[in-house]
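Notes follow the structure.
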There are 2 protein chains.
Amino acid sequence: MNNKEKIFQVSIELFSKYGFDGVSVRQIAGEVGIKESSIYNHYSSKQEILNAIFEYYIDEMVSDEIPLEQASLNLDKGFDFFYKAGSDAFLSKLKEERMMKITRLLFIESYHNDEVRDFLKKSIIEAPVEGWISLFNLMKAKNLIRKDCDVRQLSESFFYYGMFLLYEHFFLNYPEDDEKFLEEFLVKTERHARTIFDSVKLGDD
Amino acid sequence: MNNKEKIFQVSIELFSKYGFDGVSVRQIAGEVGIKESSIYNHYSSKQEILNAIFEYYIDEMVSDEIPLEQASLNLDKGFDFFYKAGSDAFLSKLKEERMMKITRLLFIESYHNDEVRDFLKKSIIEAPVEGWISLFNLMKAKNLIRKDCDVRQLSESFFYYGMFLLYEHFFLNYPEDDEKFLEEFLVKTERHARTIFDSVKLGDD
DNA sequence: GTCTATACCCAGATAGAC
DNA sequence: GTCTATCTGGGTATAGAC
């Protein structure tokens, strides 16, 4: 690993622990094992390091799209199968240690970084909600749920629960038991999905 | 308003906008109209100002308890009445402008202030969840909901939705339309409550 | 209680030798 | 590409006159 990569890696480590403002360039240089002036041969400023980290994160995450056709097929195999497939796709990316750390950073830095906040709002919140809206509409068409229910409310009711678990973990409990969190996350969101689904489902009751 | 009160008020204003680290003692002094050295006649350090703000907030908030007996009576008058009464109690304190600002501060500072984080976890999250657990147990006893449902999961499924709305507003959208947010918060959480309730209720269907 | 003046520290960043 | 040395500016906080 060359020094540029080391700087990148160490910065993820430190920023996710102490926040951007809580880490100095000297500290990063110290961990890497070079002098702080040498940092500037690789990145033009401290801010540039942060930008590079989030660019990396966004690149990794957006490659992780939800194909609606596939979801529709999964849905035909039953709710359990459908839900498991969907959450596995999302969690596979997240569970890499590096991605966990940047996710923490995303949460704690979003309030004073406009770009980061926009990414969080659009790609992590709005886009998935829209995806769920499509799916609930699909479920209406397949006569799996009641025709009269509000799909947007349903999507939010469903999705925001998991989002709060993420916030709670990354912001309030981090880094206690990342592994355990991911396991519990899966169990809890599945139970929650069932609760929501039960309130609108048609058929056997 | 004397200068100590001015310092207190101005600090709430600035900290909630820019975060604790984003505000200097010079800036506070400038807004108050005194020199920074004069601050130290009233507060021994910048940190002390923050502590005073959160002490004030906690005092105001804990006076706002949920009496289970009253909730039980409200429940007998129907779910709508019951829910409205409960959410009104919570929102009445929150909707004061000053409390809104400190709530924002609570959210953004909780990740690097142990005391604040503990308060958020215990008083804002855990205590209400326990309260809802008691209530759902009560609803079981009154035969309003199914005996076999998991009350903790139900409480979290119910409560975390609202918590995420709060996070979203205070952390990501603040301070856009505080008034509008509170209105929408009421509507959305009520619809959500109905969704959750529908999944477990007994009786007319 | 507020002021001027200043101490002291640490931050991000740059210049130029090697 | 890394170093030493240094600049510049901002931060919190204190001493002591008024």
Side-chain angles (χ1 to χ4, degrees), chain A residues 1-56 101-102 104-106 108-117, chain B residues 1-56 101-102 104-105 108-116:
Chain A
M1 188 153 60
N2 64 31
N3 277 343
K4 180 156 189 171
E5 281 165 359
K6 271 192 200 162
I7 293 166
F8 187 77
Q9 184 57 34
V10 164
S11 296
I12 290 173
E13 213 78 33
L14 293 176
F15 288 161
S16 68
K17 252 192 203 158
Y18 308 111
F20 183 72
D21 290 340
V23 177
S24 67
V25 175
R26 281 182 234 273
Q27 213 175 331
I28 296 167
E31 286 279 324
V32 172
I34 54 177
K35 291 293 166 186
E36 59 264 33
S37 55
S38 300
I39 298 269
Y40 295 93
N41 282 306
H42 304 289
Y43 295 95
S44 66
S45 70
K46 186 187 173 190
Q47 183 63 44
E48 269 301 302
I49 304 176
L50 188 68
N51 294 346
I53 292 170
F54 283 126
E55 268 167 37
Y56 168 82
K101 282 176 179 155
I102 307 180
R104 150 87 168 171
L105 191 52
L106 180 75
I108 66 182
E109 290 306 321
S110 55
Y111 90 97
H112 56 197
N113 184 321
D114 291 357
E115 278 178 41
V116 173
R117 185 170 54 244
Chain B
M1 187 152 64
N2 65 31
N3 277 343
K4 179 155 189 173
E5 281 166 356
K6 270 191 202 163
I7 293 165
F8 187 76
Q9 183 58 35
V10 163
S11 296
I12 290 172
E13 213 78 31
L14 294 175
F15 289 163
S16 68
K17 252 192 205 159
Y18 308 111
F20 183 72
D21 290 339
V23 177
S24 68
V25 175
R26 279 184 236 274
Q27 214 176 331
I28 297 167
E31 286 278 324
V32 172
I34 55 176
K35 292 291 167 188
E36 61 265 31
S37 56
S38 300
I39 298 270
Y40 295 93
N41 282 308
H42 304 289
Y43 294 96
S44 67
S45 69
K46 186 188 173 190
Q47 184 64 44
E48 270 300 302
I49 304 176
L50 188 69
N51 294 345
I53 292 170
F54 283 126
E55 270 168 36
Y56 168 82
K101 282 177 179 154
I102 307 180
R104 150 88 169 172
L105 190 52
I108 65 181
E109 290 306 320
S110 56
Y111 89 98
H112 56 197
N113 185 320
D114 290 356
E115 279 179 41
V116 172

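Here is how names work: the chains are called A, B, and so on, in the same order as the sequence lines, proteins then strands, and each is numbered from 1. For clarity, every value in this text was computed on a predicted model and none was experimentally measured.
- The separation between A/K6 atom NZ and D/dG1 atom P is 14 Å, rounded to whole Å.
- B/V23 comes within contact range of the sugar-phosphate backbone alone, with a heavy-atom separation under 4.0 Å but no base atom that close.
- The side chain of B/E36 lies closest to D/dA13, out of D/dA13, C/dC3, D/dC3.
- Atoms CG and OH, on B/N51 and B/Y43 in that order, are 10.5 Å from each other to the nearest 0.5 Å.
- Taking only distance into account, the side chain of A/R26 meets the base of C/dG12 through a donor-acceptor pair shorter than 3.5 Å.
- Listed nucleotides: D/dC3, C/dC3, C/dA13. Nearest to the side chain of A/S45: C/dA13.
- Phosphate proximity of D/dC3 to A/S38: present, with a side-chain N or O under 4.0 Å from OP1 or OP2.
- Atom CD1 in B/I39 sits about 14 Å away from atom P in C/dT4, given to the nearest Å.
- Here C/dA13 is the nucleotide among C/dA13, D/dG1, D/dT12 with the atom lying nearest to any side-chain atom of A/K46.
- Note on B/S24: only backbone sugar-phosphate atoms sit closer than 4.0 angstrom, heavy atoms only; bases stay farther off.
- A donor N or O paired with an acceptor N or O is found under 3.5 Å between the base of C/dT4 and the side-chain atoms of B/S37.
- Of the listed nucleotides (D/dG1, D/dT14, D/dC3), D/dT14 has the atom at the smallest distance from the side chain of B/Y40.
- Side-chain N or O atoms of A/E109 include none that pairs as donor or acceptor with a backbone N or O of A/V116 at under 3.5 Å.
- B/K46 places a side-chain N or O within 3.5 Å of a backbone atom of B/V23 that can act as its donor or acceptor partner.
- Position along DNA chain C of the nearest nucleotide to A/Q27 versus A/S44 favours A/Q27 as the more 5'-ward residue.
- A distance of 12.0 Å separates CD of B/E13 from CZ of B/F8, quoted to the nearest 0.5 Å.
- Distances were taken from every side-chain heavy atom of A/H42 (C-beta onward) to each of C/dA11, D/dG1, D/dT12; the shortest belongs to D/dG1.
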